[in-house]
Amino acid sequence: MSDAVEQARAAAAAAKAAADEARRLADEAAARAEELAAALAASVPTADAAPDADAPDVAGAPAPTPAPAADDGTPATTDGPASSSGTGTAPPGSAPASTPADATAPADATGPADATGPAGATGPADATGPLGPDAVSAVRDGYEVTGSALELGALVNGEALPDVQVRIPLGMLNRHGLVAGATGTGKTRTLQLLAEQIAANGVPVFAADIKGDLSGLAVPGTSSEKLLARTAGIGQDWQAVASEAEFYSLGGQGTGVPIRATVSGFGPLLLSKVLGLNETQESSLGLVFHYAEQAGLPLVDLSDLRSVLTFLVSDDGKEELAELGGLSKQTAGVILRELITFADQGADQFFGEPEIDTQVFLRTAADGRGVVSLLEVPGVQDQPQVFSTFLMWLLADLFNEIPEVGDQDKPKLVFFFDEAHLLFNGASKDFTDQIVRTVRLIRSKGVGIFFVTQTPKDVPNDVLAQLGSRIQHQLRAHTPDDAKALRATVSTYPSSDYDLGEVLTSLATGEAIVTVMNEKGAPTPVAWTRLRAPQGSMDPMPAPDLEARVQSSPLLATYGTRVDPDSAYEMLARRMEAAAADAAAADAAKAAAAAAAEAEKEVARAQATAAKEAAAKAKQEERDRAAAQKEYEKAQREFERAERAAEARRSGRSSTRTTASRKANDPLSDLLGSGLGRTIAKEVVQGIFSTLRRRR
């Protein structure tokens, strides 16, 4: 494939070289023809009788001078301008034979002497241009429109031709278009011109106001002599007219009704584009959105998405993260870090509720004119990806909401995508495919899209192929890359009599090369066009007036105040709180169980101690009883011994012992020895030791 492209490029280069050589040879032939014609003119007086030198010329007129030769080597006629006999650019240094003496056109009459001044003000009426009469007629016929049309301007052919108007059929606007050109070449004014005329035809318009210049279309323009001279020269009857406009701002940044979107409505594909994620991370973010939807977690703002990601990488959500499949904890961490950085830049203001209803961009005014919706984007330089991707979200949402209508006499909405190169810069294949699909299919829903950028190469080929209208302002070729872009741009135009490589670098401000689709859907001839002037002010609307317009908007009551609904952040916070409460309850139950176990252990220890003490006490009591029994038995033995001794004494007592001596020697023995004494002693012993037996 690359070999075929290289061969084609080589063939094109060879053809261009051959054409340059042919042009050079033609110029040389024309110069030789001029020399021959001059020599012939010098020899004419000698062929006839010379007039009296003192006699005046007839009517005081000088002798006629033959016309120079045309490009084909044949002398041109002298009864008309040179532009009527050729189709190419006049050779350098040549001039038409009938050019008056006071003509101020340059020698190379391929454009007006002052391209930025009033058309035809400094050039002669018959100045030579790059197009011949047949080509001019083809342009005139190609831009004839029977129905409603946008008036772009007048054909430039050496000078502006007011009778050859360049138009875009209103019904062809849904074939989309491109407005391109280097900085300062008039793209913004062209955008304003188109927006004003589209709205005047009853079609709503949406456009981003990058520099704040477009706000002036809501204010009548200011007339001046220079403006009126220029517009009169291209056949424009200029009048100051203000358009009906509504002003918006992204998330309230700037002056306008805030436009917000929910994160779930924005979608993972567009958000990945904003965050600069690679394809793997983009796929992982899609899984996160899928999980949130399945889990019933609404994603309203960035805090909701961060909460879901934080939950998934936490200990509580690791099981659910594992179930997603293909989403690693490391990838989730990368996405989370990018979201935090994104939010720190202030981008979280763009997400939230109330989400804008894109149907508000389809409104018309009470007088039937379309409302021009202008989105103020003051910080686009700081957040270009956010701006461009947000516009793509609006377009995608319109695509989802608007029903199919097919081809109509006029579109339902025209959407201007300014700074389009920001949208496609670094875009993934999936993202680009979505844009191509949207651009291709939204036509049937009555929406036209105009991409506004610096060069056509800023727009992918698949998107560029869908654009039916082309308005190309001046391109610059100061660098090799610029020259390459210029050649690529030239190659995309239909064949014409223009040397587009030269014309595109010499266009004046307010001029453009135009080709559009006619009412039959066929491309129109390429036309060098001097564009009309907008009827609104070309200066921004004064800030106090803009603020007053916004404050009086009926949409401000609906979209002016941000709301914070119950969404994923709050739901997960409650879930985490419940999980924390459950964990605390589980910890408390565990602690209570541990305390109960410890109490049981204490009871068991106390019971063991009590049992030990009781056993020791019982043992001690047993010892005491044994000791008491031993004492009892000892006392019993002593008693029995005493009784036996007493009995022995009684039996061996002599009959001669007297009562007096018994009393004197042992009264107790006498008492115990008596029957009464023995009875008393026995009762006492039994009383003592019977008590011991009861204790046992």
Side-chain angles (χ1 to χ4, degrees), residues 8-9 12-13 15-16 19-20 23 89 108 110-112 114-116 129-131 139 152-158 160 166 168 176-194 210-211 213 416-425 449-461 463-516 523-532:
R9 289 178 177 171
K16 186 176 185 302
D20 293 340
R23 187 180 292 108
T89 304
D108 184 13
T110 59
D114 181 10
T116 60
L131 301 182
V139 171
L152 293 182
L155 177 69
V156 174
N157 192 40
V166 177
I168 302 180
H176 314 314
L178 174 72
V179 179
T183 301
T185 57
K187 295 193 302 295
T188 302
R189 297 283 75 86
T190 299
L191 196 160
Q192 181 175 347
L193 170 68
L194 295 173
I210 303 298
K211 300 182 292 293
D213 297 340
F416 286 93
F417 217 128
D418 203 359
E419 300 292 340
H421 64 281
L422 299 176
L423 177 67
F424 301 105
N425 185 25
I449 306 170
F450 272 77
F451 293 95
V452 184
T453 187
Q454 295 188 0
T455 66
K457 73 180 182 64
D458 294 333
V459 181
N461 291 334
V463 177
L464 202 61
Q466 306 297 321
L467 309 183
S469 299
R470 299 273 298 278
I471 303 175
Q472 178 67 63
H473 289 268
Q474 180 193 135
L475 288 176
R476 301 182 181 121
H478 301 322
T479 67
D481 288 342
D482 291 342
K484 183 178 179 180
L486 176 63
R487 290 193 298 271
T489 301
V490 170
S491 67
T492 62
Y493 277 89
S495 60
S496 68
D497 292 338
Y498 293 112
D499 181 358
L500 287 178
E502 179 181 348
V503 172
L504 286 174
T505 57
S506 61
L507 291 172
T509 301
E511 294 181 349
I513 294 296
V514 176
T515 180
V516 302
T524 58
V526 178
W528 181 346
T529 307
R530 182 167 296 161
L531 298 169
R532 293 191 168 208

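- Expressed to the nearest 0.5 Å, how far OG1 of T190 lies from CZ of F416 amounts to 10.0 Å.
- Nearest heavy-atom pair, A154 versus V166, reported as atom, atom and distance to 0.1 Å: C-CG2, 4.5 Å.
- Atom CG of D499 sits about 8.5 Å away from atom OG1 of T505, to the nearest 0.5 Å.
- Between the CD atom of Q454 and the CD atom of E419 there is a distance of 7.0 Å, given to the nearest 0.5 Å.
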Worked verdict on T515 versus Y493 for side-chain contact (heavy atoms from CB on, under 4.5 Å): CA-CA 8 Å; T515 180; Y493 277 89; 3.8 Å; yes

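- Between V490 and G501, the closest heavy-atom pair is CG2-N, 3.7 Å.
- Between the T529 side chain and the G153 main chain, no donor and acceptor come within less than 3.5 Å of each other.
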Begin from the C-alpha positions of F424 and V459 and carry the test side-chain contact (heavy atoms from CB on, under 4.5 Å) through to its verdict. CA-CA 7 Å; F424 301 105; V459 181; 4.2 Å; yes

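- Between L486 and L475, some side-chain heavy-atom pair lies under the 4.5 Å cut-off.
- F417 is linked by a ring-ring contact (aromatic ring centres under 6.0 Å, His included) to F415, F451, counting only residues two or more places apart in sequence or in another chain.
- For the atom pair CD of E502 and CG of L507, the computed distance is 10.5 Å after rounding to the nearest 0.5 Å.
- In this structure a side-chain-to-backbone donor-acceptor pair under 3.5 Å is present from N157 to L131.
- Using a 4.5 Å heavy-atom threshold, the side chains of I471 and L194 count as touching.
- Closest approach of G158 to P130, counting heavy atoms only: N-CD, 4.1 Å.
- Taken to the nearest 0.5 Å, the OG1 atom of T489 stands 12.0 Å off from the NZ atom of K484.
- In this structure, R476 contributes its side chain and G181 its backbone to no donor-acceptor pair below 3.5 Å.
- Here the side chains of V526 and V514 are not in contact, with every heavy-atom distance at 4.5 Å or above.
- The backbone N or O of Y498 lies less than 3.5 Å from a partner atom in the side chain of S496, making a donor-acceptor pair.
- V139 and A527 make their closest contact through CG1-CB, 4.0 Å (heavy atoms, listed as atom of the first residue, atom of the second, distance).
- Heavy-atom minimum distance, V503 versus W528: CG1-CE3, 3.8 Å.
- Nearest heavy-atom pair, K187 versus T453, reported as atom, atom and distance to 0.1 Å: CD-O, 3.2 Å.
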Passes side-chain contact (heavy atoms from CB on, under 4.5 Å), L191 versus V179? Steps please. CA-CA 8 Å; L191 196 160; V179 179; 6.0 Å; no

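- Here CG of L464 is found 5.5 Å from CZ of R470. Values are rounded to the nearest 0.5 Å.
- In this structure, the side chain of H176 engages the main chain of I449 through a donor-acceptor pair within 3.5 Å.
- Judged purely by atom type and a 3.5 angstrom limit, H473 uses its side chain to pair as donor or acceptor with the backbone of E511.
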